[in-house]
Every structure is written in structure tokens, then in C-alpha cells.
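Structure first, then comments.
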Amino acid sequence: MKKFCDLTDVELIELFEKDSISAFEEIYNRYWLKLYAAAYKRLKERETAKEIVQDFFTGLWINRQQVKIVTSLQGYLFTSIRYLVLNHKRAEAVRNSYSEILLIVNDNSTEENYYYKELLERVEAEVTHLPPKCRNVFELSRNQYKTNKEIALLLGISEKTVENHLTKALRFLKVHLNILVLFFLLR
């Protein structure tokens, strides 16, 4: 039998899909540095790039039963890393925006802080009234910054179902929070 380092990507995929840890290790050894370089090129942060690549490989092994690589292995790996980097940047932008909002809120008067906290509490309270599956999807999306695809894989549902749950949650919140938001904005 050939050594794993002599196998083609197609052969490695076939063995990986049969739960071969050796095939996975070869994929890891063959592509880790290249994927790290691609992530670092976009992020310019060593630790974050390492974390993204490590998390990707961990997820790849854990979810190997659901992963179906129909294109080239290299294409699949680099596309996955690109999306993970974009998701990280999106989450970072949201965190930065949230931090800026908190700074603004902290600079405002006590009354404005009170209304802001009241609004946050109301949102949290209304989220608890969502159906359990819908609430779970909403919290994974909004609190943990998971993508629809990640949520679908995590919960074992389709991306379309994830979208439907998010749409339902946002409609519910819009209706139930409309009065309070209007009051908050008009005061």
C-alpha cells in the first residue's frame, strides 16, 4: 500500500470519508501551513489565523460524517477558510460597533441609560417567548455570531429552515418591540 503522503487528494478524500484518521492527518499536514498563510494574509493576526485554521480542522474531523467534498480538496479547504475569515471579520465588526454603542450609552445621561437597559431587557424577555427551536437558532445567530450554515450543521437542520426560524424570530420581535422602540426613539 502507498504511504499516505504519496496519495492524491482524491484518494485522501475517499479515505477521509471512511473515517481514516491517517488520511485526516495527511490532509492536515499537507494543508495546515497553506491555510494558515491564507488566513494570515487576510487578517494580519497570527493567533487569530492559527485559531481559525485549528477550529476549522477540528470541525472538519468532528463533522466528517456530514462533510461531502464534491469539488477539489484544496478548493474546499481554501473556500472554507475564506468564509471563516469573513465570518470572523463580520463578528469583529459587530463587536466593535457594539463597543462603540456602549461607549456612547455610557456617555449619555442616567435616563438614557435606563431606557437603553430597559430596551435590552425587553428584547431578552421577548426572545424567551419564541418557540424553543426558533429561540435557539436566533441566539446562535445573534449572540454567538454563527452563520446559517454553521447553525444548520450544528442543529442538523437545513439552511432554509435556519432562515425561516430567523425570519420568524425577527418578525415576532419587530411586532412585540415596536411600541417600546417607538417610545424610546420619540422621547
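Residue indices begin at 1 and follow the sequence shown.
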Quick one: list whatever passes side chain to side chain donor-acceptor pair (under 3.5 Å) with Thr161, sequence neighbours left out.
Ser158
CA sep, side-chain torsions, deciding dist, call: Cys134, His165, side-chain contact (heavy atoms from CB on, under 4.5 Å):
CA-CA 5 Å; Cys134 187; His165 281 305; 3.7 Å; yes
Tell me every residue that passes salt bridge (charged side-chain N to carboxylate O under 4.0 Å, His left out) with Glu26, counting only those two or more places apart in sequence or in another chain.
Arg30
Below 4.5 Å, heavy atoms only, C-beta onward: do Lys168 and Phe138 meet side chain to side chain?
no
Report, as yes or no, whether the 6.0 Å neighbourhood of atom NZ on Lys68 holds more than 12 heavy atoms from other residues, nucleotides or ligands.
yes
Give every residue pair that meets the side chain to side chain donor-acceptor pair (under 3.5 Å) criterion with at least one member in residues 46-57, sequence neighbours excluded.
Tyr28-Gln54, Trp32-Gln54, Tyr40-Arg46, Glu45-Thr48
Once rounded to the nearest 0.5 Å, what's the spacing between atom CD of Glu17 and atom CD of Gln65?
9.5 Å
I'd like to know if Ile62 and Phe56 are part of one continuous hydrophobic network [Ile/Leu/Val/Met/Phe/Trp/Tyr, side-chain heavy atoms within less than 4.5 Å].
no
Non-neighbouring partners of Val70 that pass side chain to side chain contact (heavy atoms under 4.5 Å, CB included), sequence neighbours left out
none
Under the side chain to side chain donor-acceptor pair (under 3.5 Å) test, residues paired with Glu124 that sit two or more places apart:
none
So do the side chains of Arg142 and Leu166 get within less than 4.5 Å of each other, counting heavy atoms only?
yes
Determine the minimum heavy-atom distance between Glu159 and Asn148, stating which atoms define it.
CG-O, 4.1 Å
Here the gap from Leu35 atom CG to Ile81 atom CD1, rounded to the nearest 0.5 Å, amounts to 5.0 Å
Any sub-3.5 Å donor-acceptor pair from Thr167's side-chain atoms to Glu163's backbone N or O?
yes
Kindly compute the distance separating CZ (Phe24) from CG (Leu15), expressed to the nearest 0.5 Å.
14.0 Å
The reported gap from CD in Glu150 to CD in Gln144 (rounded to nearest 0.5 angstrom) is 10.0 Å
Not counting sequence neighbours, which residues clear side chain to side chain contact (heavy atoms under 4.5 Å, CB included) with Arg82? List them please.
Arg42, Thr79, Leu86
Step by step, work out the side-chain contact (heavy atoms from CB on, under 4.5 Å) result for Tyr36 and Ile52.
CA-CA 8 Å; Tyr36 166 76; Ile52 286 174; over 6 Å; no
Show me the donor-acceptor pairs within less than 3.5 Å that the side chains of residues 126-133 make with the rest of the protein, sequence neighbours left out.
{"unit_1": "Glu126", "atom_1": "OE2", "unit_2": "Arg122", "atom_2": "NE", "d": "3.0"}
{"unit_1": "Glu126", "atom_1": "OE2", "unit_2": "Arg122", "atom_2": "NH2", "d": "3.3"}
{"unit_1": "Thr128", "atom_1": "OG1", "unit_2": "Ala125", "atom_2": "O", "d": "2.4"}
{"unit_1": "His129", "atom_1": "ND1", "unit_2": "Ala125", "atom_2": "O", "d": "2.8"}

Check side chain to side chain contact (heavy atoms under 4.5 Å, CB included) between Asn136 and all other residues, then give those that pass, not counting sequence neighbours.
Leu140, Leu155
State the CD1-CD1 distance between Ile69 and Ile13, to the nearest 0.5 angstrom.
4.5 Å
Measuring from Cys5:SG to Leu12:CG, what's the distance to the nearest 0.5 Å?
10.0 Å
Which residue is it: Leu154, Ile151, Leu153? I am looking for the one with a side chain to side chain contact (heavy atoms under 4.5 Å, CB included) to Val162.
Ile151
Residues that Ala91 engages under side chain to side chain contact (heavy atoms under 4.5 Å, CB included), provided they are two or more places apart
Arg95, Tyr145
Path from Tyr76 to Tyr83 over hydrophobic side-chain contacts below 4.5 Å:
no
Side chain to side chain donor-acceptor pair (under 3.5 Å) partners of Ser80, counting only residues at least two apart
none
Please name all residues satisfying side chain to side chain donor-acceptor pair (under 3.5 Å) with Arg64, sequence neighbours left out, ordered by chain then number.
Asp19
Restricting to ring pair (Phe, Tyr, Trp, His ring centres under 6.0 Å), what partner residues turn up for Tyr31, sequence neighbours left out?
none
Take Glu25 and Ser22, measure what side-chain hydrogen bond (donor to acceptor under 3.5 Å, both in side chains) needs, and give me the verdict at the end.
CA-CA 5 Å; Glu25 288 172 349; Ser22 298; 4.6 Å; no
Single-linkage hydrophobic cluster, 4.5 Å side-chain cutoff, Phe4 and Val10 together
no
